[in-house]
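A short write-up of the structure that comes next.
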Amino acid sequence: MKTKLVLALLATALAGSAIAQVKPEDAIKFRQSGYGFMAWNMQRIKMNVEGGQYNKDEVIKAANAIQAIANSGMGALYLPGTDKGKGWEETRANANIWTDKEKLGKAAMEFNKEANEMAKVAQAGDAAAVGAQLGKLGGTCKGCHDDFKAKR
């Protein structure tokens, strides 16, 4: 038990120091890539739900990918100096991401909750339930975009 705790603390410390060494433009690229990857997987689910040929295995893969990224700690990529700048494109993170931490924390927790639920619902293979959960998950994305992402 004590060994597991020490290893967990060591892993956390190493991850924190690795993030601190990331260049701002790389942090922006990493988070843009993560969000893009989740969007692609949400589209994969949507195509299965609306496309007429539901493939449970594909939906599970996509839902698991979303869940993994959602729970990966992407918030650590919002480093000082990443409020402006370019990753793959100019960041569109609003300045309030760095100031309205309580609201952002609630939005992130809601997204994680719905991503975790999507992975559970996908396992059952019910296309209607997956579609309903995709709506809930997508709603959390939209809410965060509305509050924290600059419009083009």
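- Residues Trp40 and Val49 are members of one and the same hydrophobic cluster, defined by side-chain heavy-atom contacts under 4.5 angstrom among Ile, Leu, Val, Met, Phe, Trp and Tyr.
- Pairing each heavy atom of Glu90 with each of Gln32, the nearest pair is O-NE2, 3.7 Å.
- Under the 4.5 Å side-chain heavy-atom criterion for ILVMFWY residues, a single connected hydrophobic cluster contains both Val121 and Tyr54.
- Here Lys142 pairs with Asp146 under the salt bridge (charged side-chain N to carboxylate O under 4.0 Å, His left out) rule; sequence neighbours left out.
- Taking each heavy atom of Cys144 and Ala107 in turn, the nearest pair found is SG-CB, 4.4 Å.
- Hydrophobic clustering (ILVMFWY, side-chain heavy atoms < 4.5 Å, transitive): Phe111 and Ile97 are in one cluster.
- Two residues are said to be in side-chain contact when any heavy atoms from C-beta on lie closer than 4.5 Å; Met42 and Lys46 fail this criterion.
- Leu79 and Ile28 fall into different hydrophobic clusters, where Ile, Leu, Val, Met, Phe, Trp and Tyr are joined by side-chain heavy atoms under 4.5 Å apart, directly or via other members.
- In this structure Glu89 satisfies the side-chain hydrogen bond (donor to acceptor under 3.5 Å, both in side chains) test together with Arg152, sequence neighbours excluded.
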For residues 65-72, which side-chain donor-acceptor pairs fall under 3.5 Å, sequence neighbours excluded?
| from | atom 1 | to | atom 2 | distance (Å) |
| --- | --- | --- | --- | --- |
| Gln67 | NE2 | Asn116 | OD1 | 3.1 |
| Asn71 | ND2 | Gln67 | O | 2.8 |
| Asn71 | ND2 | Asn116 | OD1 | 2.7 |
| Ser72 | OG | Ile69 | O | 2.7 |

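- With sequence neighbours excluded, no residue forms a salt bridge (charged side-chain N to carboxylate O under 4.0 Å, His left out) with Arg31.
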Walk me through it: do Arg44 and Lys61 pass the test side chain to side chain contact (heavy atoms under 4.5 Å, CB included)?
-> CA-CA 9 Å; Arg44 288 172 64 195; Lys61 288 178 200 174; 3.8 Å; yes
Step by step, would you call Asn64 with Gln123 a side chain to side chain contact (heavy atoms under 4.5 Å, CB included)?
-> CA-CA 10 Å; Asn64 288 342; Gln123 290 292 327; 4.3 Å; yes
Take Thr91 and Asp83 through the side chain to side chain contact (heavy atoms under 4.5 Å, CB included) test and state the conclusion after the steps.
-> CA-CA 7 Å; Thr91 184; Asp83 56 330; over 6 Å; no
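- One distance of note links OG1 of Thr140 with CE of Met118; it measures 9.5 Å at 0.5 Å rounding.
- By the 4.0 Å N-to-carboxylate-O rule, Glu25 lies too far from Lys86 to be salt-bridged with it.
- Identified under the salt bridge (charged side-chain N to carboxylate O under 4.0 Å, His left out) test for residues 95-104, with sequence neighbours left out: Glu102-Lys106, Lys103-Asp147.
- Annotation for Trp98: atom CH2 counts as buried by contact number, over 12 foreign heavy atoms lying within 6.0 Å.
- Under a hydrophobic-cluster definition in which Ile, Leu, Val, Met, Phe, Trp and Tyr are linked whenever side-chain heavy atoms come within less than 4.5 Å, directly or via other members, Trp88 and Phe30 are assigned to different clusters.
- Annotation: side chain of Val130 is in contact with side chain of Ile45 (closest heavy-atom distance under 4.5 Å).
- Taking each heavy atom of Ala119 and Ala63 in turn, the nearest pair found is CA-CB, 3.9 Å.
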Step by step, would you call Glu114 with Glu110 a side chain to side chain contact (heavy atoms under 4.5 Å, CB included)?
-> CA-CA 6 Å; Glu114 297 303 343; Glu110 187 64 22; 3.2 Å; yes
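- Partners of Tyr78 under the side-chain hydrogen bond (donor to acceptor under 3.5 Å, both in side chains) rule, at least two apart in sequence or in another chain, are Tyr35.
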